[in-house]
Asker: 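Provided herewith is a single structure, encoded as structure tokens, for subsequent inquiry.
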Amino acid sequence: MAGTFVEFFSEEALENVMVMLKYKPERILYIGHKHNMITKKINSLKNFAARVSPETELVFIEVSRDDLDQIIQTLDDICEKYPDCQFELTGGGELILIAFGFVSAKRKLKTTRIDPFTSMEINDFEGVLVRKNNEIQMTVADNMVLHGGALTNQTGSISTWHFDDDFRSDVVSIWEIACRFRHKWNRYCSSIEEAMKNGECDETGLYSLSKRSLNDAIELFYALYDIHAIKNLSSTQRYIRFRFKNDSIRKIITKTGNILELHVYEVATRAPYLFQDAVIGAVIDWDGKLPVPETRETVKSFDTINEIDVILMRDVIPTFISCKSGKAGSNALHELQTVTRRFGGKYAKKVLIMASPCDVSASGASFFKQRAKDMHIWVIDNVFAMSDDALLSRLKKIQGP
């Protein structure tokens with residue numbers, strides 16, 4: 001375990017923990033002003049440290065916003081008490097950095113900086129610069145705690161979807177059907193969902209649905225039967241009868257957007273060397289205080305929550321992905337912007353993925369994409385016509401080096 005590091009407290013949560021993730025030090029001293037080193041952020045840092053470096057002591061030292069001499073004295077006192085400490089130079093207000101300049105002019109200080117984007121570390125030990133390439137990682141759940149939230153147990157990766165080899169194969173096959181039907185897919189799934197409300201299965205799992213209520217959505221049943229996603233398919237003059245292969249298949253077919261989310265997640269997680277962690281159907285509690293026992297009803301009743309379709313984590317940088325199987329408007333962009341800013345900060349990536357082309361009108365598509373670009377949101381549209389390799393390549397490009 002390394003010794004003592006001094007962090008200049010940053011508004012960006014990620015900038016406060018790069019040293020913690022890399023070195024798991026004995027102690028970190030955070031120097032900051034009262035207006036930004038608030039209790040909520042301090043508690044989030046403590047909760048994060050408890051997960052990733054529980055033996056590290058966190059000390060928070062408040063300094064004046066306008067008394068340069070007081071800040072200089074504080075830094076001098078730290079250097080006297082911890083002569084071998086290292087200063088991490090990522091964050092900090094202007095006056096703190098000026099004070100550091102005064103102190104460093106008369107003392108030989110050790111400094112370091114770790115770039116969150118690349119994990120490149122630059123150390124200055126008595127005028128000798130040393131560069132290191134690091135592999136620093138954290139999970140999606142860690143990232144939520146760092147930003148004051150938490151993934152609830154209602155998150156799809158925990159409660160709904162279990163990606164064994166058989167389910168992955170089913171997702172791939174059903175996605176191929178969705179690509180074949182394209183604009184019909186949403187309509188067919190909606191018709192089936194509505195028909196199933198009036199046609200519950202029997203105790204053996206057999207459904208009997210009215211053909212009149214299904215209309216041409218019957219076409220989807222035969223496609224699903226061909227890939228063994230449903231079984232015991234039979235038809236009479238008035239009814240179609242079948243059993244789903246399993247409950248996961250039922251959930252895909254009865255919610256139009258599920259297959260796009262599953263496809264994106266399935267493709268992204270084929271490459272664990274690109275994304276070391278991934279979550280689908282993330283349900284995020286804003287204050288990180290989960291009710292006990294936790295259910296979807298209690299979470300929604302008492303807490304502010306958001307849902308994001310897919311979150312990918314590469315090293316320490318999250319990518320927040322919103323998936324739209326139908327049309328998307330400005331609200332979709334603003335929702336994605338809000339969640340990403342709250343739980344990812346300036347380093348997080350934002351992606352809107354659309355199954356169909358962005359807009360049938362060239363001018364409309366141009367306006368929407370420009371609006372997304374202004375908000376630093378990547379748009380990947382017409383995924384129905386995109387190969388898996390092309391999608392993975394786009395995600396890799398967005399995530400960066």
Side-chain angles (χ1 to χ4, degrees), residues 153-270 278-281 283 296 309-310 323-326 353 355-356 383-388 391:
N153 288 337
Q154 308 307 313
T155 294
S157 301
I158 301 171
S159 64
T160 306
W161 311 113
H162 303 286
F163 272 78
D164 57 19
D165 291 342
D166 185 56
F167 184 57
R168 282 185 176 275
S169 178
D170 286 336
V171 169
V172 171
S173 298
I174 295 173
W175 174 252
E176 290 174 355
I177 292 174
C179 290
R180 192 164 77 238
F181 288 150
R182 299 207 176 189
H183 67 278
K184 294 180 181 179
W185 173 264
N186 284 357
R187 179 159 54 86
Y188 286 177
C189 290
S190 295
S191 296
I192 293 171
E193 180 183 14
E194 190 63 31
M196 286 177 59
K197 292 178 181 178
N198 301 315
E200 295 184 358
C201 63
D202 64 17
E203 64 278 3
T204 69
L206 180 68
Y207 284 90
S208 182
L209 303 183
S210 165
K211 286 185 173 181
R212 178 179 294 180
S213 64
L214 291 169
N215 295 316
D216 54 353
I218 293 173
E219 181 183 12
L220 179 54
F221 286 104
Y222 291 102
L224 293 170
Y225 182 74
D226 288 340
I227 63 168
H228 310 294
I230 63 173
K231 54 187 180 180
N232 305 126
L233 180 65
S234 63
S235 176
T236 66
Q237 186 174 356
R238 297 177 57 189
Y239 293 97
I240 188 167
R241 295 183 173 88
F242 66 95
R243 290 182 174 87
F244 287 110
K245 175 182 176 181
N246 53 49
D247 197 52
S248 294
I249 301 297
R250 179 187 64 79
K251 291 174 182 175
I252 295 175
I253 305 306
T254 55
K255 185 178 178 183
T256 57
N258 276 346
I259 189 58
L260 177 60
E261 297 173 27
L262 289 164
H263 171 65
V264 171
Y265 179 90
E266 192 277 324
V267 169
T269 54
R270 292 180 192 178
V279 168
I280 184 172
V283 180
R296 177 170 289 271
D309 296 326
V310 178
C323 299
K324 299 296 180 184
S325 60
I353 296 183
S356 301
V383 178
F384 275 147
M386 184 179 292
S387 71
D388 296 356
L391 175 59

Asker: Are the side chains of Trp185 and Leu220 in touch, meaning some heavy atoms are under 4.5 Å apart?
Answerer: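 Trp185 reaches Leu220 side chain to side chain.
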Asker: Between Ser169 (side chain only) and Asp165 (backbone N and O only), is there a donor and an acceptor less than 3.5 Å apart?
Answerer: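 Between the backbone of Asp165 and the side chain of Ser169 there is no qualifying donor-acceptor contact (under 3.5 Å).
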Asker: Which distance, rounded to the nearest 0.5 Å, do you find between the SG of Cys201 and the CE of Met196?
Answerer: 7.5 Å
Asker: Which heavy atom of Asn153 sits nearest to which heavy atom of Ser159, and what is that distance?
Answerer: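 Looks like O-CB, 3.3 Å.
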Asker: Would a 4.5 Å heavy-atom cut-off, applied to side chains only, mark Ser248 and Phe167 as touching?
Answerer: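 Yes. Closest side-chain heavy atoms under 4.5 Å.
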Asker: Heavy-atom distance under 4.5 Å between the side chains of Val172 and Arg168, does that happen here?
Answerer: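 No, side chains not in contact.
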Asker: I want to check something: taking the side chain as every heavy atom from C-beta on, are Val264 and Asp309 in contact at a cut-off of under 4.5 Å?
Answerer: no
Asker: Are Trp175 and Leu260 close enough, and set up right, to give a side-chain contact (heavy atoms from CB on, under 4.5 Å), and what steps lead you there?
Answerer: CA-CA 8 Å; Trp175 174 252; Leu260 177 60; 3.8 Å; yes
Asker: Say you draw a straight line from CD of Glu219 to CZ of Arg180; how long is it, rounded to the nearest 0.5 Å?
Answerer: 8.0 Å
Asker: Which distance, rounded to the nearest 0.5 Å, do you find between the CG of Leu209 and the CD of Glu194?
Answerer: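 Answer rounded to 0.5 Å: 11.5 Å.
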Asker: Kindly give the heavy-atom pair with the smallest separation between Phe384 and Cys179, and that separation in Å.
Answerer: O-SG, 3.5 Å
Asker: How far apart are the closest heavy atoms of Ala217 and Ile192, and which atoms are they?
Answerer: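 Taking every non-hydrogen atom into account, CB-CG1, 4.3 Å.
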Asker: Measuring only between side-chain heavy atoms, which start at C-beta, is Asn232 closer than 4.5 Å to Arg241?
Answerer: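 When only atoms from C-beta onward are counted, Arg241 and Asn232 do not touch, as no gap falls below 4.5 Å.
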Asker: For residues Ser213 and Ala195, report the shortest heavy-atom separation together with the two atoms involved.
Answerer: OG-CB, 3.4 Å
Asker: Backbone N or O of Thr236 within a donor-acceptor pair of the Lys211 side chain at under 3.5 Å?
Answerer: yes
Asker: Ile174 versus Ile249: any side-chain heavy-atom pair under 4.5 Å?
Answerer: yes
Asker: So Asp216 and Tyr188, do their side chains get closer than 4.5 Å, heavy atoms only?
Answerer: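 Yes. Closest side-chain heavy atoms under 4.5 Å.
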Asker: In Å and rounded to the nearest 0.5 Å, what is the CD1 to CG distance from Ile353 to Leu391?
Answerer: 5.5 Å
Asker: Closest heavy-atom contact between Lys245 and Asp170?
Answerer: NZ-OD2, 3.0 Å
Asker: Give a yes or no on this: more than 12 heavy atoms of other residues, nucleotides or ligands lie within 6.0 Å of atom NE2 of His228.
Answerer: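 Counting neighbours around NE2 of His228, 12 or fewer heavy atoms of other residues, nucleotides or ligands fall under 6.0 Å, so no.
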Asker: So, taking the atom named OG in Ser210 and the one named CG in Asn215, what distance separates them when rounded to the nearest 0.5 Å?
Answerer: 9.0 Å
Asker: Looking at Asp388 and Arg270, is any side-chain nitrogen of the basic one under 4.0 Å from a carboxylate oxygen of the acidic one?
Answerer: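 Asp388 and Arg270: salt-bridged.
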Asker: Could you tell me whether the side chain of Trp161 reaches within less than 4.5 Å of the side chain of Ile252, counting heavy atoms only?
Answerer: yes
Asker: Should the pair Phe163 and Tyr265 be assigned to parallel (<30°), tilted (30 to 60°) or perpendicular (>60°) ring geometry?
Answerer: tilted
Asker: Side chain of Thr155, backbone of Ser157: donor and acceptor closer than 3.5 Å?
Answerer: no
Asker: Between Tyr225 and Phe242, is the ring centroid distance below 6.0 Å?
Answerer: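 Tyr225 vs Phe242: aromatic centres not under 6.0 Å.
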Asker: Search all heavy atoms of His162 against all heavy atoms of Ile158 and return the closest pair with its distance.
Answerer: CE1-O, 3.7 Å
Asker: Starting at CD of Glu261, measure out to NZ of Lys324 and round the result to the nearest 0.5 Å.
Answerer: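 Taking CD in Glu261 and NZ in Lys324, the distance rounds to 9.0 Å.
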